[in-house]
Amino acid sequence: MKKIGVLALQGAFVEHLALLRRLDVAAFPIRLPRELEGLDGLVIPGGESTTIGRLMREYDLMAPLSSLCNDGFPIMGTCAGMILLARRVSDINIEPLGAMDIEVKRNASGRQVDSFETDLEIPAIGEPPFHGVFIRAPFIERAGDGVAVLAQLPDGTGVAARQGNMLALAFHPELTDDLRLHSYFLSIVNGDRKR
Amino acid sequence: MDKGTWTVKTGLAQMLKGGVIMDVVTLDQAKIAEEAGACAVMALERVPADIRAAGGVARMADPSVILAIMEAVSIPVMAKCRIGHFVEAQALEALGVDFIDESEVLTPADESHHIWKHDFKVPFVCGCRDLGEALRRLAEGAAMIRTKGEAGTGNIVEAVRHMRAVRDEIRKLGSMTTDELVAEAKALGAPLELAIEVHKTGGLPVVNFAAGGIATPTDAALMMQLGAEGVFVGSGIFKSSDPERMAKAIVKATTHYRDPAIIAEASKGLGVAMPGLDIRTIAEENLLAPRGW
């Protein structure tokens, strides 16, 4: 059985753990560097990116996470997780891992009153559309050549991307009952979708 | 695109989980809180300990204070309105705050009615002393619940009492048969549908934080082990002798709430915690938790 860690410093990690367990993988909360050993994949959940980023540094997780990213380790980041995977973030308060060649704008749609839900066409997982829940969400402002943008808002704004074994989502599949994006990530973990 | 839906309101509360929400009254405090790893700040004119000391009528903060704090930090900013004062809430929504706390710490504007929170796009958090109160607030549209505790005392005893009451009643509902649930919902003063939902799921349908009296890292971890999904710290940080260290230590103890070695380490050399108040020495009319119903 594959072992997937969910970074559990702050945010909606319990929701990811619950969804992953429904997909028959062993899922563990990760709070300390030593807990990263022996994993087959990692999820960086939604939460407050400023908070998670600061705690990653405070608890010595930046270096081990960076080296995992460089080694092609499968990582999925949702919302705050996408911000932390990005190469560059619009907000100087955040020092991201810089693992994916994307530039991300934080709180791109505004404050909480502008948080929204909308259906997304995601060809990589097929029909029907995926219901995207965007909460103080980041948007992808630029994606490098090696990055595949998997989903866009009607105006063309990128909200999901893949680069190698890394998957970044601006929205929260863990707040829905739709397991398809977690299954897609697990297919990356299983090596079924090599690019 | 649908805005202000129940999912995005309760979803923001889910994003705050495992975190510490800190009361701040100035830009500098807001920055200290953000730097220490707070997942949100509560923008106020005075922390609860000072509100308690000042007496008189406590109202919504000056919008210029709230706006300045919204400018200064990138984490979510919450603000308090008086119980039942839906126009303060409308004003706070217009300012663009990320969450409104309909709070017993301020002087209630209405002793019979809380705000009908479904009318708002901005999410609300409300206090409770037991499950019945939590479910009444949920029925009105609160997207997040917190224990009331007794704010501004630095004394954890009331927050513990309230969290235990909520947990005990959830367990009790879980063990009941359907016919018993009807009578229990009546006894709790809670809508039957919500009582049935708690019975089925074994928990509240929204996030539940602890608040009211948390003053140390061990207080925060205690509330987390008792079932809180995160904590509010009001006076506990900026009424301590070394707010930066206290703030970081409380964040650390909240993340690692099941790791006693880390909690012990985080508790070292923090200086003097806020001075506490024995609840039994407070005159009945000065207690905050009984405000609201």
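Please read these numbers as outputs of a predicted model, since none were measured by experiment. Just so it is clear, the values below take in all heavy atoms, side chains as well, and ignore hydrogens, waters and symmetry mates.
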Inset, instruction - Below 4.5 Å from any heavy atom of chain B, which atoms of A/Ala80 appear? Answer side chain, backbone, both or neither. - result: neither

Inset, instruction - Please state whether the side chain, the backbone, both or neither of B/Glu35 comes within less than 4.5 Å of a heavy atom of chain A. - result: both

Inset, instruction - Measure A/Leu153 against the heavy atoms of chain B and call it side chain, backbone, both or neither at under 4.5 Å. - result: side chain

Legend entry - Crowding at CZ, A/Phe116 (>12 non-hydrogen neighbours, <6.0 Å): yes

Legend entry - Shortest non-hydrogen contact from B/Met1 toward A/Pro154: CE-CD, 4.2 Å

Legend entry - Best-contacting candidate, B/Val73, B/Leu12, B/Leu16, B/Thr254, against chain A by heavy atom pairs under 4.5 angstrom: B/Leu12

Legend entry - Any donor-acceptor N or O pair under 3.5 Å, side chains B/Ser74, A/Arg106: yes

Inset, instruction - Supply the atom-to-atom distance A/Ser115 OG to B/Lys121 NZ, rounded to the nearest 0.5 angstrom. - result: 12.0 Å

Inset, instruction - Could you tell me whether the side chain of A/Gln112 reaches within less than 4.5 Å of the side chain of B/Pro123, counting heavy atoms only? - result: yes

Legend entry - For chain B, the option from A/Asp114, A/Leu55, A/Thr118, A/Val133 that forms the most heavy-atom pairs under 4.5 Å: A/Asp114

Inset, instruction - Using non-hydrogen atoms and a 4.5 Å limit, figure out which bit of B/Lys248 sits close to chain A: side chain, backbone, both or neither. - result: side chain

Legend entry - Ionic contact status for A/Glu117 with B/Lys3, cut-off 4.0 Å: no

Inset, instruction - Flag the one option from B/Ala36, B/Gly96, B/Gly4 with the top tally of heavy-atom pairs under 4.5 Å to chain A. - result: B/Gly96

Inset, instruction - Check A/Gln10 against B/Cys39 and note the closest heavy-atom contact, atom names and distance. - result: NE2-CB, 3.7 Å

Legend entry - Over 12 foreign heavy atoms within 6.0 Å of CD, A/Glu37: no

Inset, instruction - Against chain A, label B/Val207 side chain, backbone, both or neither, depending on which of its atoms sit under 4.5 Å from a heavy atom there. - result: neither

Inset, instruction - Report, as yes or no, whether the 6.0 Å neighbourhood of atom CZ on B/Arg164 holds more than 12 heavy atoms from other residues, nucleotides or ligands. - result: no

Inset, instruction - Among the options B/Gly11, B/Pro76, B/Gly19, pick out the one with the most heavy-atom pairs lying under 4.5 Å from chain A. - result: B/Pro76

Inset, instruction - Please determine which of B/Asp98, B/Val122, B/Val97, B/Leu95 meets the side-chain contact (heavy atoms from CB on, under 4.5 Å) test together with A/Arg111. - result: B/Asp98

Legend entry - Neighbour count above 12 (heavy atom, 6.0 Å) for A/Arg21 CZ: yes

Legend entry - Stepwise side chain to side chain contact (heavy atoms under 4.5 Å, CB included) check, A/Leu32 with B/His256: CA-CA 9 Å; A/Leu32 298 168; B/His256 299 285; 3.7 Å; yes

Inset, instruction - Could you go through the side chain to side chain contact (heavy atoms under 4.5 Å, CB included) check for A/Tyr59 and B/Thr255 one step at a time? - result: CA-CA 11 Å; A/Tyr59 307 152; B/Thr255 299; 4.1 Å; yes

Legend entry - Shortest non-hydrogen separation from B/Ile75 to A/Glu48 and the atoms involved: CA-OE1, 3.9 Å

Legend entry - Part of A/Ile135 lying under 4.5 Å from any heavy atom of chain B: side chain

Inset, instruction - Provide the closest heavy-atom pair for B/Met15 versus A/Glu174 in the form atom of the first, atom of the second, distance. - result: CE-OE2, 3.8 Å

Inset, instruction - Verify, without hydrogens or angle tests, whether A/Arg54 (side chain) and B/Ala38 (backbone) share a donor-acceptor contact under 3.5 angstrom. - result: no

Inset, instruction - Would you mind checking which part of B/Val20 comes under 4.5 Å of any heavy atom in chain A, side chain (CB onward), backbone (N, CA, C, O), both or neither? - result: neither

Legend entry - Selection from A/Glu58, A/Arg31, A/Glu15, A/Arg136 maximising heavy-atom pairs under 4.5 Å formed with chain B: A/Arg136

Legend entry - Heavy-atom contact with chain A under 4.5 Å, split by part of B/Ala40: neither

